[in-house]
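Computed over heavy atoms, backbone and side chain alike; hydrogens, waters and symmetry mates excluded. Below, read A as the first sequence line, B as the second, and so on, with proteins coming before strands; counting in each chain starts at 1. All figures in this text were calculated on a predicted structure; none of them were measured in a lab.
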Amino acid sequence: MPVAPTPPLSPPAPSIADRLLAHYDAHARTLPWRIRPGSTQQPDPYRVWLSEIMLQQTTVAAVIPYFDTFTRRWPTVDALADAADADVMAAWAGLGYYARARNLLACARVVAGEQRGRFPDSEAGLRALPGVGAYTAAAIAAIAFGQRAVVVDANVERVVARLFAIGTPLPAARPAIRTAADSITPNERAGDFAQAMMDLGSSLCTPRNPQCLLCPLRSDCRAAQSGDPAAYPVKPAKGEKPRRTGTVWWLERDDGQVWIEQRPAKRMLGGMRGLPGTDWDSRTSWQQTAPPPLAGPWQALNSPVEHVFSHFALTLTVERLRVAQQSDCLPGGDGEWWPLASLADAGLPGVFAKVARLALRENA
DNA sequence: GACTCGTGGCG
DNA sequence: TCGCCAAGAGT
């Protein structure tokens with residue numbers, strides 16, 4: 001029986017991952033925590049972990065100086081585990097979402113203690129650490145340990161929703177998005193693939209005005225073909241931000257020190273230093289909730305402080321009182337006198353730093 | 001699932 | 001100017 005000549009095999013068409021990785025090899029950003037794509041060098045799990053925690057809901061530009069400071073001051077997870085809580089919290093000040101800093105320390109101490117300084121190399125092991133959720137566990141497993149993991153953050157969510165034109169509104173679309181992301185995740189170079197997806201989402205496949213003409217996945221993208229890629233993913237309508245009000249007490253001593261309080265460990269700005277004040281609420285006034293730390297002729301500053309948090313807007317009235325160093329009265333509460341000259345070292349969260357700037361400006 | 005939890009940049 | 005948004009996790 002004559003055998004028909006085998007037709008020459010055409011090479012398989014490049015997959016989505018192939019095209020994306022080729023684009024990444026040519027265009028990857030240089031970042032302090034990133035190993036050059038294709039390098040034989042192994043990433044340091046400590047630096048990958050630290051960067052991923054800092055990058056949660058936080059832009060690359062905001063993270064870079066903090067990452068540099070942390071890694072210079074605490075080069076290893078053991079060094080970080082040995083640090084004093086107050087030092088780490090103060091170093092985190094300004095970066096926001098302070099529960100991350102508390103969990104960062106708790107995680108470092110688990111790894112340094114129970115794991116002898118080694119991070120778990122499995123997604124499940126990582127997921128059990130404080131502050132490490134589904135996204136971060138997958139990202140570390142892929143980037144630091146080269147394991148195949150389905151890494152889905154807001155960038156990937158957007159890219160995948162567009163590639164597959166998933167029209168279900170978030171968050172109901174998440175299972176379908178995850179399945180679709182799984183279907184295009186390669187077995188090799190999973191870490192580079194994850195970072196390539198996130199780079200694509202932050203540079204070309206942006207929430208508004210995506211640059212489809214420059215996108216390596218344009219020919220695969222059903223949203224681009226639909227003509228309105230920015231319509232994906234479909235987001236739920238947002239409610240209005242409530243407004244809250246409160247009072248802050250700027251208690252200044254005539255030798256140039258201000259009364260700073262230590263906030264309780266949980267809840268908003270927990271574990272950070274702050275200025276004394278009332279609760280922030282729309283219903284109550286400070287007369288009912290909390291007295292000032294000292295009785296005296298408190299005087300309101302001319303302008304209030306406005307600050308917008310993730311889930312409410314705040315208007316703070318700043319009341320000022322100057323007392324003599326020798327004053328018999330001591331403020332109540334868990335706090336300390338802090339020199340105005342080195343107030344920047346106190347590590348105040350943004351809202352209190354704003355109050356301090358106003359109080360010092362109106363001092364002049 | 002729905003809330004809570006910061007901050008800075010950008011269109 | 002101002003709402004939207006960012007490499008989410010914990011409760």
Would you classify [X] as touching base, sugar-phosphate or nothing, given that sugar-phosphate means primed atoms plus P, OP1 and OP2, and contacts are heavy atoms under 4.0 Å?
X	result
A:Leu269	sugar-phosphate
A:Val151	nothing
A:Arg29	base
A:Trp49	nothing
A:Ala61	nothing
A:Val156	nothing
A:Gly94	sugar-phosphate
A:Ile140	nothing
A:Ala62	nothing

Atom-to-atom span, [atom1] of [X] to [atom2] of [N] - whole angstrom:
X	N	atom1	atom2	value
A:Ile53	B:dT7	CD1	C1'	18 Å
A:Lys241	C:dC4	NZ	C1'	9 Å
A:Glu157	C:dC5	CD	P	12 Å
A:Gln56	B:dT4	CD	P	19 Å
A:Glu52	C:dA6	CD	P	15 Å
A:Arg127	C:dA9	CZ	C1'	8 Å
A:Lys266	C:dT11	NZ	P	7 Å
A:Asn155	C:dA7	CG	C1'	7 Å

**Report entry** Minimum heavy-atom distance between A:Leu204 and A:Leu214, given as atom pair plus value
**Finding:**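 Looking at all heavy atoms of both residues, the shortest contact is CD1-O, 3.5 Å.
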Report task. Compare every heavy atom of A:Tyr98 with every heavy atom of A:Ala93, then report the nearest pair and how far apart it is. Result ->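 Distance-wise, the nearest heavy atoms are CA-CE2, 3.9 Å.
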Given [N], is OP1 or OP2 found less than 4.0 Å from the side-chain N or O atoms of [X]?
X	N	result
A:Ser202	C:dA6	no
A:Tyr98	B:dT7	yes
A:Arg158	C:dC5	no
A:His311	B:dC5	yes
A:His307	B:dT7	yes
A:Gln57	C:dG8	yes

Requested in this report: Measure the OG1-CG distance between A:Thr206 and A:Leu200 for me, rounded to the nearest 0.5 Å.
Outcome: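 Separation between the atoms: 9.5 Å.
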Requested in this report: On DNA chain B, check which nucleotide each of A:Asn209 and A:Arg267 is closest to and give me the residue with the more 5' one.
Outcome: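 Result of the comparison: A:Arg267.
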Query raised in the report: Of A:Ala172 and A:Leu348, whose nearest nucleotide on DNA chain B comes first from the 5' end?
Result: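 Upstream on the strand: A:Ala172.
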What nucleotide, of [options], holds the atom closest to the side chain of [X]?
X	options	value
A:Pro349	B:dG6, B:dT7, B:dC5	B:dT7
A:Lys235	C:dA7, C:dA6, C:dG8	C:dA6
A:Leu31	B:dG11, C:dA7, C:dG8	C:dA7
A:Arg208	C:dG3, C:dG10, B:dT7	C:dG3
A:Tyr135	C:dA7, C:dG10, B:dG6	C:dA7

**Report entry** Cation-pi, A:Tyr232 ring and A:Arg162 (6.0 angstrom, 45 degrees)
**Finding:**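 Here A:Arg162 fails the 6.0 Å and 45° test against A:Tyr232.
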Query raised in the report: Does a salt bridge link A:Arg29 with A:Asp199, judged by any charged N lying under 4.0 Å from a carboxylate O?
Result: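 Yes, charged N to carboxylate O under 4.0 Å.
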Query raised in the report: Could you go step by step and tell me if A:Thr179 and A:Asp182 meet the side-chain hydrogen bond (donor to acceptor under 3.5 Å, both in side chains) rule?
Result: CA-CA 5 Å; A:Thr179 299; A:Asp182 195 347; over 6 Å; no
Report task. Between B:dC3 and C:dA7, how far apart are the C1' atoms? Round to whole Å, please. Result ->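 Their C1' atoms lie roughly 22 Å apart.
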Query raised in the report: When you match A:Trp33 and A:Pro130 each to their closest nucleotide on DNA chain C, which lands nearer the 5' end?
Result: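 With A:Trp33 and A:Pro130 compared, the 5'-side residue is A:Trp33.
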**Report entry** 5′-ward residue of the pair A:Asp153/A:Asn103 relative to DNA chain C
**Finding:**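 By nearest-heavy-atom nucleotide position, the 5'-most residue is A:Asp153.
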Report task. Apply side-chain contact (heavy atoms from CB on, under 4.5 Å) to A:Leu269 and A:Val351, showing your working. Result -> CA-CA 10 Å; A:Leu269 311 179; A:Val351 63; 4.1 Å; yes
Query raised in the report: Is a donor-acceptor contact shorter than 3.5 angstrom present between the side chain of A:Thr58 and the base of B:dG6?
Result: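 Side chain to base: pair found, below 3.5 Å.
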**Report entry** Test applied, ring-ring contact (aromatic ring centres under 6.0 Å, His included); reference residue, A:Trp259; option that passes from A:Trp337, A:Trp249, A:Trp250, A:Trp338
**Finding:**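 Passing option: A:Trp337.
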